[in-house]
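Treat the numbers as computed from the prediction; the structure is a model and nothing was measured.
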Amino acid sequence: MRIVALTGAGMSAESGVPTFRDAQTGLWARFDPQALATPEAFAADPARVWGWYRDRAAGVAAARPHAGHAGLARIARTHGLRVITQNVDDLHERAGSPEVVHLHGALFASRCSRCARPATPEPLRLPASPDAEGRVPPPACAYCGALVRPGVVWFGEALPAAAWEAALAAVREAELVLAIGSSGLVHPAASLPAIAAAAGAAVLEINPSPTPLTALASASWRCRAAEGVQRLAARLDAGERDPAALLAP
Ligand code: OAD
């Protein structure tokens with residue numbers, strides 16, 4: 001069966017990685033994205049931006065994949081599934097999912113802000129000494145001397161073209177698309193479930209809260225990612241292939 005999992009920040013929540021828009025715990029409830037996640041913010045205060053991404057990287061490095069990540073990797077091995085994620089963490093990879101498509105880049109893929117060469121070894125994993133405000137100057141590119149930046153997509157930037165093309169191709173030929181843990185607010189990633197539905201795929205939303213995707217989903221499971229993925233995996237393992245039975249509450 002051709003299954004595609006579209007994952008957002010809610011996929012990583014049970015691993016302890018904060019989401020963006022959940023009230024109180026969401027990153028954008030506590031931090032100003034314009035001051036931290038735009039090219040202008042990096043140009044204005046690179047040490048502030050780099051220091052903030054160092055903190056996020058430390059949180060991700062300390063996190064462990066949960067049963068939902070493992071469940072998607074198992075479905076990939078046994079039934080066929082591709083992961084397309086808005087997440088910049090590496091939890092899908094560490095759980096064993098092959099060929100993860102990162103629509104918004106990857107935290108541990110820092111690169112030169114001018115020549116775009118990858119920075120190795122990954123500087124976000126190296127020790128550093130933040131100042132009292134958590135600021136850390138980013139390293140200089142070993143080739144051209146410009147500042148190294150995080151390998152993520154910032155507001156106002158285009159998605160990596162190859163990732164977007166791969167995502168489009170995958171959802172257009174999918175039979176079942178899982179929309180897991182995304183608020184469905186950030187485009188163009190948020191348009192993928194609608195593209196899949198228009199191409200004939202069944203869309204299963206797994207999210208404790210309703211989202212703009214709910215209206216177009218074939219079914220919505222109001223549960224957390226780990227529980228929803230394990231439920232689906234059990235049905236697939238039992239040989240269920242009928243979409244209505246697979247997606248029943
Ligand atoms: P959001 O923070 O906008 O939405 C997280 C979603 O996860 C919400 O709908 C929650 O209800 C849901 N959720 C919370 N806990 C969950 C759990 N345990 N299981 C399942 N779902 C859960 O995150 P995204 O939609 O991923 O972009 O955000 C999209 C983009 O906005 C991010 O990729 C990032 C951000 O700005 C960039 O950095 C470019």
Side chain to side chain contact (heavy atoms under 4.5 Å, CB included) assessment of V152 paired with H102
CA-CA 9 Å; V152 304; H102 282 274; over 6 Å; no
Group every Ile, Leu, Val, Met, Phe, Trp and Tyr by side-chain heavy-atom contacts under 4.5 Å, then state whether [X] and [Y] land in the same group.
| X | Y | value |
| --- | --- | --- |
| V60 | L36 | yes |
| L216 | I195 | yes |
| V83 | V17 | no |
| F108 | V153 | no |
| L213 | L204 | no |

Between R222 and T214, is a side chain to side chain contact (heavy atoms under 4.5 Å, CB included) present by the stated rule, with each step listed?
CA-CA 10 Å; R222 295 280 165 249; T214 303; 3.2 Å; yes
I want to check something: taking the side chain as every heavy atom from C-beta on, are [X] and [Y] in contact at a cut-off of under 4.5 Å?
| X | Y | answer |
| --- | --- | --- |
| V49 | R135 | no |
| I206 | L232 | no |
| E133 | R48 | no |
| P150 | W50 | yes |

Cationic N near anionic O, under 4.0 Å, D89 to R94
no
Going by an N to O cut-off under 4.0 Å, is there a salt bridge joining D55 and R30?
no
Between F20 and W28, what is the ring plane arrangement, given parallel below 30°, perpendicular above 60°, and tilted in between?
tilted
Angle between ring planes, H92 versus H69, binned at 30° and 60°: parallel, tilted or perpendicular?
perpendicular
Quick check on Y143: does its OH atom have over 12 non-hydrogen neighbours (other residues, nucleotides or ligands) under 6.0 Å away?
no
Is the number of heavy atoms from other residues, nucleotides or ligands within 6.0 Å of CZ (R149) greater than 12?
yes
Distance check, rounded to the nearest 0.5 Å: [X] atom [atom1] versus [Y] atom [atom2]?
| X | Y | atom1 | atom2 | answer |
| --- | --- | --- | --- | --- |
| S97 | I75 | OG | CD1 | 9.5 Å |
| R172 | L192 | CZ | CG | 9.5 Å |
| D242 | R235 | CG | CZ | 11.0 Å |
| F155 | H104 | CZ | NE2 | 8.5 Å |
| I3 | L246 | CD1 | CG | 7.5 Å |
| M1 | T78 | CE | OG1 | 12.5 Å |

Applying side chain to side chain contact (heavy atoms under 4.5 Å, CB included), run through Y53 and V88 and close with a yes or a no.
CA-CA 11 Å; Y53 278 93; V88 298; 5.9 Å; no
Can you list, pair by pair, the side-chain donor-acceptor contacts under 3.5 Å of residues 176-187, counting residues two or more places apart and other chains?
residue : atom : partner : partner atom : Å
S182    : OG   : Q86     : NE2          : 3.0
S182    : OG   : G184    : N            : 3.2

Given R241 and L236, is the side chain to side chain contact (heavy atoms under 4.5 Å, CB included) satisfied, shown in steps?
CA-CA 7 Å; R241 292 294 179 273; L236 289 165; 3.6 Å; yes
For the pair E14 (side chain) and A226 (backbone), establish whether a donor and an acceptor sit closer than 3.5 Å, ignoring hydrogens and angles.
yes
